[in-house]
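One structure below.
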Amino acid sequence: MPVNRAERVSAKSVLRAARRKIEKAGSDTPYLDALLLLSSTMGVTREELYARAHDTMTDTAVRRFESLLERRLRGEPIAYILGRQEFYGLSFTVDRRVLVPRPDSELLVDVALRLLSKRSAPRVHDSCTGSGCIGIALAHERPDAFVSLSDVSADSLEIALENAGRILDHTIPIVESDLLDRFKTNEALWPPELRDRYGPPFDMITCNPPYLTTWDMQVLRGEIRASSHSEEVGPAAAERVPATEPALALDGGSDGLDIVRRLIRTSLATMSKNGYILIEAADAQSQQIELLLRTAGFTETFIERDLSGMRRVIGGVA
Ligand code: GLN
């Protein structure tokens, strides 16, 4: 216990004790984690918490905080504990059914918006949508676009649906589909009035597929040690991912590209001429993905780097 319940404790002392414990448990951001958990417990913003640092906490509040802290100490991501994660300036609901939206993926949204800037009312599809963060951010930034979302996980679609309903002021189609399988034809998918606007041919497909390698997944499960490998696609990727996230959203097979290969093979048939495909992947996979795109018949390909200089988004023109 970080505090002695017999005494009245201040928010500040609870914060300090929690910070030490979280640090010991191996978090890179112990102070921020503690601040977020405590401000959530007290129902105040982080800024308000500073002003209330000397407030005495009630026993109930301390107990509530400790149960959140316990979850963090067991390695659960803050986003799952708080039930939300910021992405592209929007607040997304998240839980164990979906991957926590990463700042890395904001690059994909940036690139998509740039490429779509000269096209009006584009048809955009976000495959492997998970929480919906990429597609919903695009739909939010471009209300004229006809954005649809899909995922193979029915569980994740419940979250995407919740996020779309809360964040957007228009309804968008959300479909259960293994990659683009259900989009081979537009006929069976939805009523004629939607067919005119949503579905193939897509002017853009976005996808943050599962792309971790079998090796990464073994590191995640604690079966092998991360230090036995040194490429970015290895430990740098895997160490960031807490074991509580769904394997379905992460596991890309032996070289991490099983899903990417299948996506690329099936995407052209659903795209309009000069449409774009944008795929997120790890730095070390980017050149191979470019090659896969060219082999599949994409006319132009390109790679975009994230803020840390990593090749992160691979694109192709249909
Ligand atoms: N970007 C994630 C990571 O932290 C991997 C996500 C994915 O497989 N799509 O490595």
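For ligands, and for the atoms within them, numbers begin at 1 and follow the listed sequence.
With a 4.0 Å cut-off on non-hydrogen atoms, P209 touches ligand 1 through its backbone and not its side chain.
Residues R261 and Q288 have side chains in contact (heavy-atom distance under 4.5 Å, counting atoms from C-beta outward).
Taking 4.0 Å as the cut-off between side-chain N and carboxylate O, R84 and E162 do not count as a salt-bridged pair. D178 has a carboxylate O that lies under 4.0 Å from a charged side-chain N of R262, or vice versa, which qualifies the two as a salt bridge.
In terms of polar-atom proximity, D104 is not counted as a contact of ligand 1, lacking any N or O under 3.5 Å from an N or O of the ligand. Annotation: N208 places an N or O atom under 3.5 Å from an N or O atom of ligand 1; distance criterion only.
Residue contacts with ligand 1 include A249, since one or more of its heavy atoms lies under 4.0 Å from the ligand.
The contact set between ligand 1 and E280, taken as ligand atoms under 4.0 Å from a residue heavy atom, comprises 1 (N).
Side-chain N or O atoms of R72 include none that pairs as donor or acceptor with a backbone N or O of I22 at under 3.5 Å.
I159 and L138 sit in two unconnected hydrophobic clusters of ILVMFWY residues. Membership requires side-chain heavy atoms under 4.5 Å apart, directly or through other members.
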